[in-house]
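Written below as structure tokens is the structure these notes are about.
This is a predicted model, so every value here is computed, not measured. Keep in mind that the numbers below use all heavy atoms, side chains included, and drop hydrogens, waters and symmetry copies. By convention in this document, chain letters (A, B, ...) are assigned in the order of the sequence lines, proteins followed by strands, and residues within each chain are numbered from 1.
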Number of protein chains: 2
Amino acid sequence: MSENKYLSIYNDLLSKIEKGIFKPGMKIPSEHQLVEQYETSRETIRKALNLLSEHGYIQKIKGKGSIVLDVRKFDFPISGLISFKELAQKLGKPSRTIVEQLEMIKPDEVLKKHLHVTAREDIWKVVRVREIEGERIILDKDFFNKKFVPFLSKDICARSIYEYLEKELQLKISFAKKEFFVEECTEEDRMYLHLKQYTHVVVVRNYVYLDDASLFQYTESRHRLDKFRFVDFARRIHLH
Amino acid sequence: MSENKYLSIYNDLLSKIEKGIFKPGMKIPSEHQLVEQYETSRETIRKALNLLSEHGYIQKIKGKGSIVLDVRKFDFPISGLISFKELAQKLGKPSRTIVEQLEMIKPDEVLKKHLHVTAREDIWKVVRVREIEGERIILDKDFFNKKFVPFLSKDICARSIYEYLEKELQLKISFAKKEFFVEECTEEDRMYLHLKQYTHVVVVRNYVYLDDASLFQYTESRHRLDKFRFVDFARRIHLH
DNA sequence: AAGTGGTCTAGACCACCGA
DNA sequence: CGGTGGTCTAGACCACTTG
């Protein structure tokens, strides 16, 4: 219901692109035309179009118009790392999540640094393995500050912690910083994953921040080399 | 000189953050105050603040204000893959670029698909090796449609093709799509890189689009495992 | 209740593009 | 030249936070 006007226009235009009413290469109506269609002001239309542009659906060209792009349909949903769930869904492959550890700990030196916490604070530690087609591919180690996440259960971890945090606890995730690099396998990797002949894993460190800019989660995700994949869609910034 | 007003405000605020005049955790002046300081309208201030927010420098909180974040200073400049140059600069290490191949070719099947071209079009192929501290770390294979880049020389390739395209040819790069994955080393990798004991490379496929949404460059960048690093800063989108 | 950021309006002028 | 998108203004009302 009471959606923002510019968001509802964004969604309306998006669905027209996805349904093929606006086809790749085509120009969508001009801002002036859209102002009349949606009976709103030009800045509101521009907000909707800028969103479409930032998400890679259209390209705005000064003096010409906005044309529909075709880059996105080949790809995974939005820019960024495809999650385990999305991957499994896309590929239509049988998969499951195994909760290996769930405990309350005090942070060690490394974790204190990553989570910006003191030695006295309580931290949830969750270790999960993601299995696709019977192969244990990804090792996820999540750490949550108990201050933000008072309760966790194996059941919640086996489903989606993510959904629990956003829907049940109403935590508003605002932004995340990710780091990727390759590391030699650890004992822990060998214990939990089916590594085959691979001697290295791709490590993704994920720092998640809430709406009020407080860091509440640190995750280390360790992927078997051959099953790692990432897609990034980046708009170039033209300052100056 | 004749810079946009909102961009000059953005740059001014940014330099105050980087100089520490606005410190992490601090609130910057309210939009109303900034309107008076910069003698402009509120929407213009908001454009500048939204840019700062999108680039991860501040966090806007409704009803409270905008606070300065501290996530970025630990990291490489803007979100996205750090380029060879940035890496070398950051680490202050001696480095150079070696142009191994520069030729005009007709696209094979794979390239036709990647560059969206026909078999008759001419394609520049550039193969370069990036060396840091005497080690050949990265193999870059660039392909340009001759339609957009009529002339290239070894000299240009040894410096920065990038600068040449933007400054000399005035090409406006608009957005890029990147794919990351890990692959087994090829003969070519072994020939050009110092791979040490590593049996795999991190492959980055880069598709670059111009302002008019035409695809003009395809690049395959092959990194030795231990020297690959990526940082991503992603704002979470809250639709609905 | 006062202050904050989020949305929205109805105008204006500009730079760019195509015919 | 008319049409396009980019910037900018000076208001307005709202939802939210804090005292």
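- For D:dT9, the OP1/OP2 oxygens have a side-chain nitrogen or oxygen of B:Thr40 closer than 4.0 Å.
- Interface residues of residues 29-37 of chain B facing DNA chain C, ordered by number: B:Ser30, B:Glu31; criterion, heavy-atom separation under 4.0 Å.
- Residues A:Glu103 and A:Gln101 come closest through the heavy atom pair OE2-OE1, 3.0 Å.
- A donor-acceptor pair shorter than 3.5 Å can be found between the side chains of A:Tyr10 and A:His55.
- Rounded to a whole Å, the NZ atom of A:Lys60 is 16 Å from the P atom of C:dC17.
- Residue-to-nucleotide proximity on DNA chain C shows that, of A:Gly63 and B:Ile28, the 5′-proximal contact is made by B:Ile28.
- The distance from atom NZ of B:Lys178 to atom OG1 of B:Thr219, rounded to the nearest 0.5 Å, is 9.5 Å.
- Of the listed nucleotides (D:dA15, D:dT9, C:dC8), C:dC8 has the atom at the smallest distance from the side chain of A:Ser41.
- Distances shown here put every side-chain N or O of A:Lys64 at or beyond 4.0 Å from the OP1 or OP2 atom of D:dG3.
- The phosphate of D:dT9 (OP1 or OP2) has a side-chain N or O of B:Thr44 nearer than 4.0 angstrom.
- Checking B:Ser221 against B:His223 by side-chain atom types alone, a donor-acceptor pair falls below 3.5 Å.
- One can place CD of A:Gln59 at 13 Å from P of D:dG5, the figure rounded to the nearest angstrom.
- Residues satisfying the side-chain hydrogen bond (donor to acceptor under 3.5 Å, both in side chains) test with A:Tyr38, not counting sequence neighbours, are A:Asp12.
- Between the P atom of D:dT18 and the CD1 atom of B:Ile67 lies a distance of 11 Å, rounded to the nearest Å.
- The closest side-chain donor-acceptor pair between B:Arg128 and B:Thr97, if any, does not fall under 3.5 angstrom.
- In terms of phosphate contacts, A:Lys62 brings no side-chain nitrogen or oxygen within less than 4.0 Å of OP1 or OP2 of C:dC17.
- The cationic atom of B:Lys47 (NZ for Lys, CZ for Arg) lies less than 6.0 Å from the six-membered ring centre of B:Tyr6 and within 45° of the ring axis.
- A straight line from CD1 of B:Ile58 to C1' of C:dT4 spans 13 Å, rounded to a whole angstrom.
- Between the CZ atom of B:Arg46 and the C1' atom of D:dC14 there is a distance of 12 Å, given to the nearest Å.
- Separating the NZ atom of B:Lys47 from the P atom of D:dT9 is a distance of 10 Å, rounded to the nearest angstrom.
- If you measure from atom OH of A:Tyr38 to atom C1' of C:dC8, you get 17 Å, rounded to the nearest angstrom.
- The side chain of B:Tyr6 contributes no N or O atom lying less than 4.0 Å from OP1 or OP2 of D:dC8.
- When the side-chain nitrogen and oxygen atoms of B:Lys5 are compared with OP1 and OP2 of D:dT7, none of them lie within a distance under 4.0 Å.
- Rounded to a whole Å, the CZ atom of B:Arg42 is 12 Å from the C1' atom of D:dA10.
- With the nearest nucleotide of DNA chain D identified for both A:Glu43 and A:Leu49, A:Leu49 has the one nearer the 5' end.
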